[in-house]
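Everything on this sheet refers to the single structure shown next.
Source: prediction; values computed, not measured.
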Amino acid sequence: MDGLKKKWRSMYLMEQIFAIAGIVVAAVCLVMGEPLYAVVFLLLILLMMMSLSASRTKRLSRKYGTLYFHTEDGQMVPFTFEQVKAEYMHGQGGKYHGRKVTVCFPYDKLDEDGDFKTGFGLVICKDGWQDEEGLLPALKRGDLISATGEFVAVNPKYFCIGKLTSIQRATEEMKYI
């Protein structure tokens, strides 16, 4: 049951509307004695929800999915999230582990663990970061923020940005640092 609640909270409004509409139409079809139509509607709604989620993730990844790694001389080297993820999954994560990185993304909400979700698959863990400036209560959904922290290897299949040094409001130009 907790898994369903977690999934429901992670869905966006349009996906929730599609899910409710699909369940209502399927129930009406069952009441009318057409169970095959009910199954077809549920499958269509499920596929539509998956498609919406995947297209949103791709769109956000194209727009904001750049990780800017800091070098010793102060330069910032951009890598796409997909490139870093592919190299990490194929055993080359050691070259990223512990490096300082900055990422810009639109604020959506904190997940149930209190971490930031970027919308394109990267999680920003705010463990240990103190919000002295009171930024979090002032943020609204869609506000562009910039987070700087360390690349943290959680396990061989998963990494996040943790040990945050700063989170600040960003401008649209900052996402192209």
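Side-chain atoms of Phe105 and Val103, non-hydrogen and from C-beta on, do get closer than 4.5 Å to each other. At least one side-chain heavy atom of Thr102 sits under 4.5 Å from a side-chain heavy atom of Met76. Contact check for Ile161 versus Val101: side-chain heavy atoms found under the 4.5 Å cut-off.
His70 contributes atom NE2, which lies 14.0 Å from atom CZ of Phe151 (distance to the nearest 0.5 angstrom). Note that the CD1 atom of Ile145 and the CD atom of Gln168 stand 10.0 Å from one another [nearest 0.5 Å]. Taking OG of Ser146 as the reference point, atom CD1 of Ile167 lies at 9.0 Å (rounded to 0.5 Å). Interatomic distance, NZ of Lys100 versus CD of Glu150, reported as 9.5 Å (0.5 Å rounding).
The shortest non-hydrogen separation linking Leu164 to Ala147 is CD2-CB, 4.4 Å. The minimum heavy-atom distance linking Leu42 with Ala26 is given by the pair CG-CB, 3.7 Å.
The 12-atom threshold is not exceeded at OH of Tyr37, counting heavy atoms of other residues, nucleotides or ligands nearer than 6.0 Å.
Side-chain heavy atoms closer than 4.5 Å link hydrophobic residues (I, L, V, M, F, W, Y) into clusters, and following such links, possibly through other members, connects Ile45 to Val24.
Thr165 and Thr148 form no side-chain donor-acceptor contact under 3.5 Å, judged by distance and modelled atom types alone.
Other residues sharing the hydrophobic cluster of Leu36, ordered by chain and number and joined by side-chain separations under 4.5 Å: none, the residue standing alone.
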